[in-house]
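Scroll down for the structure; my scribbles are underneath it.
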Amino acid sequence: MKAMQQIWQVAALIPAGKVASYGQIADLAGLPGRARLTSKALKAAPKSLQLPWYRVVRSSGQIAFPKGSEHAIAQYDHLIGEGVLVKSMRVRMAEYQWQPDLNTLLFELNF
DNA sequence: GCCATGACTTATT
DNA sequence: TAATAAGCCATGG
């Protein structure tokens, strides 16, 4: 299976009200060190998949788009809508970072 | 194959 | 916390 599709599968599992970093997604998808590939994958993801791309942020918790851009606004709105507090275009990772249950992860990914 | 680019990360100041 | 720098790797010219 293509690397991008694995990323899509993992990204689809992020629960509402939580966020994950690009690097984290890559790791969970079995692609350590491919954070930048995660960004590519999300950008290239077909709309039909309806991926929660807005639950993916930088390792620092910062939204990856320039402040004021359409994407940044959309991401901000979505997160706020799910109860994630966003301060100065960043969330508190200590509180909101997704901590996937390994069993659930393996099950969902059909390994 | 070399070079630039980017929805990144980590270490350093 | 913010700014830099260096590392990273798939893509496209």
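In what follows, chains are A, B, ... by sequence order, proteins preceding strands, each numbered from 1. Values in this document were obtained by computation on a predicted structure and should not be read as measured data. Values reported hereafter were calculated over all heavy atoms of this structure, with side chains retained and with hydrogens, waters and symmetry mates removed.
Looking at W8(A), its side chain never comes within 3.5 Å of a backbone N or O of L51(A) through a donor-acceptor pair. In this structure a side-chain-to-backbone donor-acceptor pair under 3.5 Å is present from Q75(A) to Y54(A). Judged by distance alone, the side chain of R90(A) and the main-chain N or O of S88(A) form no donor-acceptor pair under 3.5 Å. The backbone N or O of Q6(A) sits nowhere less than 3.5 Å from a side-chain atom of Q9(A) that would complete a donor-acceptor pair. T38(A) places a side-chain N or O within donor-acceptor distance of the main-chain N or O of Y22(A), the cut-off being under 3.5 Å.
Taking atom CD of Q24(A) as the reference point, atom P of dT9(B) lies 10 Å away to the nearest angstrom. Rounded to an integer number of Å, the gap from OH of Y22(A) to P of dC8(B) is 6 Å. Rounded to whole Å, the distance from CZ on R34(A) to C1' on dG7(C) is 13 Å. One interatomic measurement links the two molecules: CD of Q62(A) to P of dA2(C), which rounds to 7 Å at whole-angstrom precision. The interatomic distance linking I7(A) (CD1) with dC9(C) (P) rounds to 14 Å, in whole Å. Across the protein-nucleic acid pair, K43(A) atom NZ and dC9(C) atom C1' stand 13 Å apart, rounded to whole Å. Look at CG on D27(A): it is 13 Å from P on dC9(C), rounded to the nearest Å. The distance from atom CG of L31(A) to atom P of dA10(C) is 9 Å, rounded to the nearest whole Å.
Across all non-hydrogen atoms, the minimal contact from V19(A) to L79(A) is CG1-CD2, 3.9 Å. Taking every heavy atom of both residues into account, V56(A) and S21(A) meet most closely at CG1-C, 4.2 Å.
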Restricting both atoms to N or O, compile the protein contacts to nucleotides 11-13 of chain C shorter than 3.5 Å, with distance only.
| from | atom 1 | to | atom 2 | distance (Å) |
| --- | --- | --- | --- | --- |
| dT11(C) | O4' | K40(A) | NZ | 3.4 |

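Residue-level contact check: S21(A) touches the backbone only, with heavy atoms under 4.0 Å from sugar-phosphate atoms and none from bases.
By the ring pair (Phe, Tyr, Trp, His ring centres under 6.0 Å) test, Y76(A) pairs with no residue at all, sequence neighbours left out.
Using atom C1' as the reference point in both dA7(B) and dG13(C), the two lie 22 Å apart (nearest Å). Spacing between dC9(C) and dA11(B) at atom P, rounded to whole Å, works out to 16 Å.
Residues from residues 83-96 of chain A with heavy atoms under 4.0 angstrom of DNA chain B: there are none.
Side-chain nitrogen and oxygen atoms of R58(A) include at least one within less than 4.0 Å of the OP1 or OP2 phosphate oxygen of dC8(B). Contact annotation: S59(A) side-chain N/O to dT10(B) OP1/OP2 distance is under 4.0 Å.
In summary, E82(A) and K18(A) do not engage in a salt bridge, as defined by a charged side-chain N under 4.0 Å from a carboxylate O.
Distance from the side chain of S39(A) is smallest for dA7(B) among the nucleotides dA7(B), dA10(C), dC8(C).
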